[in-house]
Amino acid sequence: MFKIRSLVTALALASSISVASAWEALPTAAPAPADNPTTEAKVELGQMLYHDPRLMSVNGRVSCASCHNTMLGGEDTQRTSIGHNNQEGGRNAPTVWNAAFNKVQFWDGRAASLEAQAAGPVVNPIEMGMKNWDEVVARFKPIEGYRKAFEKAFGSDTISEDTVTKAIAAYERTLITPNSAYDKYVLGDKSALTEQQVRGMNKMAELGCTACHSGPAFNGPGVFQKFPVNSNPYYEAQYHFKKDKGVAEVTKKTEDENFWKVPTLRNIAFTAPYFHNGSVKTLREAVKIMAKLQLNKDLSKEETADIVAFLNGLTGEFPRQKMPLLPLIPDVSEN
């Protein structure tokens with residue numbers, strides 16, 4: 001599952017990306033896999049499933065939207081998310097906005113697709129807490145509204161882990177935020193960014209930030225990166241970045257310790273707190289930490305402010321979300 005290069009190889013590959021090629025506008029549509037083409041009916045069903053807490057969590061109170069709120073920055077504003085029994089998870093919820101452009105999903109990259117990612121939290125004992133997908137499917141089958149929606153989306157009323165996760169993934173592929181000030185700038189409108197934002201953009205390239213945060217989603221070419229690269233006892237004592245071993249938690253390999261998927265910088269002004277453990281509250285502090293721990297650079301107040309200004313220019317246009325009316329669950333109680 002994991003194709004993790006050594007840090008030297010990964011950085012060498014990333015540093016070969018030219019500054020010019022790093023400045024790419026975000027596409028307005030996300031590619032879909034051949035076995036799950038995006039259709040209107042599938043997206044409509046997926047949106048219902050994404051927002052329905054009743055059927056896929058053991059207590060009927062947790063939905064995908066609980067931790068990845070599309071009314072916010074696609075996450076939950078918490079340091080780490082809260083599961084079905086008020087249990088606190090170990091990692092900060094990644095944004096769902098533009099997740100379709102990630103090469104892999106989850107902080108440790110253990111899911112290769114949106115479909116695979118959608119299946120995981122449902123049976124995670126801390127998150128949604130269902131024992132298995134058979135229990136989930138059994139909950140759906142008595143609900144006529146869902147049977148009709150699955151038939152419309154897939155040509156039959158077959159409800160399974162496969163069709164549920166495909167519908168959710170189809171919906172998530174519509175969660176794209178193009179037309180940021182940055183996008184307008186790189187597409188030719190040179191008035192779209194302020195002078196300060198342009199300085200910040202150029203400073204990121206000069207420092208080497210775009211070696212990892214490259215491409216239209218500022219999430220790199222798909223390689224994993226080590227964080228932190230440089231040891232810093234002060235920051236480690238304050239933020240405990242190394243406590244979670246990242247990819248190594250999955251692979252159990254020492255050489256994978258503290259490697260992570262490169263997160264998107266899109267809409268980053270909306271997604272505080274920051275980093276895999278949600279330990280950093282402000283974007284200004286996050287920028288200073290990244291410069292020091294990844295690049296061994298100490299930024300001035302002015303340089304930090306310029307980069308933060310540029311990152312604010314990565315806030316895109318959020319598609320309007322019309323909340324779905326969820327199907328009625330029939331009354332099966334005895335009189």
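Side-chain atoms are counted along with the backbone in the values below, which use heavy atoms only and exclude waters and symmetry mates. Since we're looking at a predicted model, the values are computed, not measured.
With sequence neighbours excluded, no residue forms a salt bridge (Lys or Arg N to Asp or Glu O under 4.0 Å) with Lys103. Qualifying side-chain contact (heavy atoms from CB on, under 4.5 Å) partners for Val58, counting only residues two or more places apart in sequence or in other chains: His84, Met130.
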Would Phe275 and Asn92 satisfy side-chain contact (heavy atoms from CB on, under 4.5 Å), going step by step from the backbone distance to the final call?
CA-CA 7 Å; Phe275 297 104; Asn92 182 255; over 6 Å; no

Before you tell me yes or no, could you show the steps for Asn98 and Thr264 under side chain to side chain donor-acceptor pair (under 3.5 Å), namely the whole-Å CA-CA distance, both residues' side-chain angles and the distance that decides it to 0.1 Å?
CA-CA 8 Å; Asn98 305 306; Thr264 181; 5.4 Å; no

I would like to know whether Lys226 and Glu255 meet salt bridge (Lys or Arg N to Asp or Glu O under 4.0 Å); could you show each step before the answer?
CA-CA 10 Å; Lys226 189 171 185 178; Glu255 61 266 31; over 6 Å; no

Step by step, would you call Phe241 with Tyr235 a ring-ring contact (aromatic ring centres under 6.0 Å, His included)?
CA-CA 8 Å; Phe241 292 133; Tyr235 279 139; 7.4 Å; no

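Using a cutoff of 4.0 Å between basic side-chain nitrogens and carboxylate oxygens, Arg110 and Glu249 are not scored as salt-bridged. A salt bridge links Lys148 with Glu144: the distance from a Lys NZ or Arg NE/NH1/NH2 to an Asp or Glu carboxylate oxygen falls below 4.0 Å.
The side-chain heavy atoms of Ile289 and Asn232, taken from C-beta on, include no pair separated by under 4.5 Å. Side chains of Tyr234 and Lys292 form no contact here, defined as non-hydrogen atoms less than 4.5 Å apart. Two residues are said to be in side-chain contact when any heavy atoms from C-beta on lie closer than 4.5 Å; His276 and Asp108 fail this criterion. Taking 4.5 Å as the limit, every side-chain heavy atom of Asn59 sits out of range of all side-chain heavy atoms of Asn85.
Applying the 6.0 Å contact sphere to CD of Glu40 captures no more than 12 heavy atoms from other residues, nucleotides or ligands. Applying the 6.0 Å contact sphere to NZ of Lys297 captures no more than 12 heavy atoms from other residues, nucleotides or ligands. No more than 12 heavy atoms of other residues, nucleotides or ligands lie within 6.0 Å of NZ in Lys322, so this atom counts as exposed by the packing criterion.
Side-chain polar atoms of Thr80 and Glu88 form a donor-acceptor pair below 3.5 angstrom. Neither side chain, Ser66 nor Asp76, offers a donor N or O lying under 3.5 Å from an acceptor on the other. Judged purely by distance below 3.5 Å, without hydrogens or angles, the side chains of Ser279 and Asn277 pair a donor atom with an acceptor atom. Side chains of Thr251 and Asp256: a donor-acceptor N/O pair is present below 3.5 angstrom, by distance only.
Note: Trp260 and Trp107 have perpendicular aromatic rings, judged against thresholds of 30 and 60 degrees for the angle between ring planes. Taking the six-membered ring for Trp and thresholds of 30 and 60 degrees, Trp23 and Phe218 have ring planes inclined between 30 and 60 degrees apart.
Each of Leu55, Leu328, Leu326 was checked for a side chain to side chain contact (heavy atoms under 4.5 Å, CB included) with Ile143, and the lone residue meeting it is Leu55. Of the residues Leu265, Leu314, Leu26, the one that meets the side chain to side chain contact (heavy atoms under 4.5 Å, CB included) test with Tyr182 is Leu314.
Tyr274 does not carry Lys281 over the face of its six-membered ring by the limits of under 6.0 Å from the centre and within 45° of the normal.
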